[in-house]
Amino acid sequence: MPTIVRALKISLIAGCCLTPMLSTAQKKNWNLPHSQEAWSRDYQPFRIAGNLYYVGTYDLSCYLITTPQGHILINTGLEASAPMIRKHVEALGFKFSDIKILLATHAHYDHVGGMAAVKRATGAKMMIQQKDAKALADGGASDYVLGGGGSTFEPVKADKLLNDQEIVSLGGMQIRLLHHPGHTPGASSFSFTVKDDKRSYKVLIANMPSILDETKLSGMPGYPEVGRDYAKTLAAMQKETFDIWLSSHASQFDLHKKHKPGDPYRPEAFFDKKGYDQAVIDLKKNYDEKLKQG
């Protein structure tokens, strides 16, 4: 068999072996409370700054941090987006199988729906803030707002539980977890530094503390301290420092105003302290109004 034909055959076999792991067709139809077209719409992946890349969908942000010893993926979007994420990682020139660590800003189906598939395909270790581990493990069934109808995504058992200020290390990267509870008990932001040939950039991937309509800040079954946690998180987020800020949803940090598909590499597009401050102010106003409702 000619070498090129044999290589192509091997490649096709390997692709067939991996594809089922990322198949959007699952044995169970998860009970999704809500979905939006923009959550699944494709979006061209791009380099944000240094070794940090955007590999998510039009609105559900997923971030790839590359290192010589393997890569870190933060968030996966919906379950159906797992093949898209793989396509994006490979389009940027990286091996999907080189993903070694999986992180999440919080355990909601729109951010961890594809974790189980990605974990199977890559063998990466799943790490999450300890207070979201239960919801991750039961597919969101125990979520204090969204879990009433059962699992909303394929369950994933965490390989490591993380605490506030804990450092996740890989290939010279030091990623600090910032516990920002409220949206979920284990909601987290991530702070780290990347660099290119010009300078270093301190990055904040902020889990913006939006409040779901069903949430009662006076306390929820399964999360009696929710109102107090939101207050603590909002106070902490006002003090965060960074050069670049991003978030779990592209719409939260105005991605589409700052970057258009095909734009050249420009980290400065994401220098937006004013936008971050205003977003936190708006969230605090919403919290104050919601607090009056009990």
Side-chain angles (χ1 to χ4, degrees), residues 47-56 60-67 69-76 99-107 111-112 125-132 158 160-196 198-210 229-250 252-255 258 267-281 283-284:
R47 183 187 183 196
I48 299 172
N51 56 315
L52 172 65
Y53 299 83
Y54 188 91
V55 295
L60 296 182
S61 304
C62 307
Y63 301 99
L64 183 73
I65 301 170
T66 63
T67 86
Q69 278 71 54
H71 313 317
I72 300 166
L73 179 66
I74 302 177
N75 291 351
T76 63
I99 295 173
K100 304 300 182 185
I101 295 175
L102 301 172
L103 298 173
T105 50
H106 60 278
H111 304 294
V112 299
K125 290 185 177 181
M126 179 73 223
M127 304 181 186
I128 198 162
Q129 209 285 331
Q130 60 172 335
K131 290 189 175 182
D132 265 11
K160 184 176 181 179
L161 305 184
L162 303 173
N163 297 300
D164 184 36
Q165 301 298 318
E166 189 161 350
I167 303 293
V168 175
S169 302
L170 180 68
M173 286 298 301
Q174 304 284 316
I175 301 174
R176 184 183 300 276
L177 181 144
L178 307 174
H179 186 208
H180 288 157
H183 192 66
T184 66
S188 302
S189 302
F190 298 100
S191 178
F192 54 92
T193 298
V194 296
K195 60 183 178 180
D196 57 20
K198 292 183 179 180
R199 57 163 291 176
S200 296
Y201 308 87
K202 185 177 181 181
V203 178
L204 176 68
I205 297 179
N207 190 89
M208 304 305 281
S210 58
D229 276 359
Y230 265 113
K232 183 168 59 176
T233 290
L234 286 163
M237 295 192 80
Q238 291 174 355
K239 301 174 184 177
E240 298 298 342
T241 61
F242 53 83
D243 297 308
I244 289 171
W245 81 281
L246 310 161
S247 192
S248 304
H249 287 266
Q252 291 175 326
F253 65 99
D254 289 331
L255 166 63
K258 297 171 181 176
E268 295 81 7
F270 300 95
F271 288 9
D272 185 23
K273 182 65 163 60
K274 182 178 179 181
Y276 174 85
D277 289 344
Q278 186 59 56
V280 174
I281 288 171
L283 288 167
K284 179 61 165 61

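For this chain, numbers begin at 1 and follow the sequence in order.
The heavy-atom pair separating S248 from T105 by the smallest distance is OG-OG1, 2.9 Å. When all heavy atoms of S200 and K195 are compared, the closest pair comes out as OG-CB, 3.6 Å. For the residue pair A49 and I244, the shortest heavy atom distance occurs at CB-CD1, 3.7 Å. Scanning both residues, T241 and K202, for their nearest heavy atoms gives OG1-NZ, 2.9 Å. The minimum heavy-atom distance linking A107 with D132 is given by the pair N-OD2, 3.0 Å. P209 and Y230 get closest at one heavy-atom pair: O-CE2, 3.3 Å.
Salt-bridge annotation for R47 and D196: absent, with no side-chain N of the basic residue lying under 4.0 Å from a carboxylate O of the acidic one. A salt bridge links E166 with K160; the closest basic N to acidic carboxylate O contact falls under 4.0 Å.
With no hydrogens or angles considered, no side-chain donor-acceptor pair links H180 and N207 at under 3.5 Å. In this structure, a donor-acceptor pair under 3.5 Å is absent between the side chains of N75 and S61.
Two residues are said to be in side-chain contact when any heavy atoms from C-beta on lie closer than 4.5 Å; V112 and L102 fail this criterion. Residues K273 and W245 have side chains not in contact (no heavy-atom distance under 4.5 Å, counting atoms from C-beta outward). Counting heavy atoms from C-beta outward, H249 and H111 have side chains that approach closer than 4.5 Å. Proximity of Q174 to S169: side-chain heavy atoms (C-beta onward) are separated by under 4.5 Å at one or more points. Contact annotation: the side chain of N163 never approaches that of H179 to less than 4.5 Å [non-hydrogen atoms, C-beta and beyond]. In this structure, Q165 and R176 have side chains that are in contact, with non-hydrogen atoms separated by less than 4.5 Å. When side chains are defined from C-beta on, L103 counts as touching L162, because their heavy atoms get closer than 4.5 Å. The closest side-chain heavy-atom distance from V280 to E240 is not below 4.5 Å.
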(request) Let me see the working for L283 and M237 under side-chain contact (heavy atoms from CB on, under 4.5 Å), right down to the final yes or no. (result) CA-CA 11 Å; L283 288 167; M237 295 192 80; 5.9 Å; no
(request) List the steps and the verdict of side-chain contact (heavy atoms from CB on, under 4.5 Å) for I65 and N51. (result) CA-CA 6 Å; I65 301 170; N51 56 315; 3.7 Å; yes
(request) Tell me, with the steps shown, if H106 and Q129 meet side-chain contact (heavy atoms from CB on, under 4.5 Å). (result) CA-CA 8 Å; H106 60 278; Q129 209 285 331; over 6 Å; no
(request) List the steps, then state whether side-chain contact (heavy atoms from CB on, under 4.5 Å) holds for V203 with F190. (result) CA-CA 8 Å; V203 178; F190 298 100; over 6 Å; no
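Although no hydrogens or angles enter the test, the distance criterion places a donor-acceptor pair under 3.5 Å between the side chain of S247 and the main chain of A206.
Between the CD1 atom of I72 and the CE atom of M127 there is a distance of 8.0 Å, given to the nearest 0.5 Å. Atom CG of L177 sits about 4.0 Å away from atom OG of S188, to the nearest 0.5 Å. In this structure, CD1 on I128 lies 7.5 Å from OG1 on T184, to the nearest 0.5 angstrom.
Ring pair Y63/Y54: centre-to-centre distance below 6.0 Å.
Remark: of the listed residues I48, D272, L255, I48 is the sole one forming a side chain to side chain contact (heavy atoms under 4.5 Å, CB included) with L246. Considering F253, F271, F242 in turn, F242 is the only one that fulfils the ring pair (Phe, Tyr, Trp, His ring centres under 6.0 Å) rule with Y276.
Within a 6.0 Å radius of NZ in K258, other residues, nucleotides and ligands contribute more than 12 heavy atoms.
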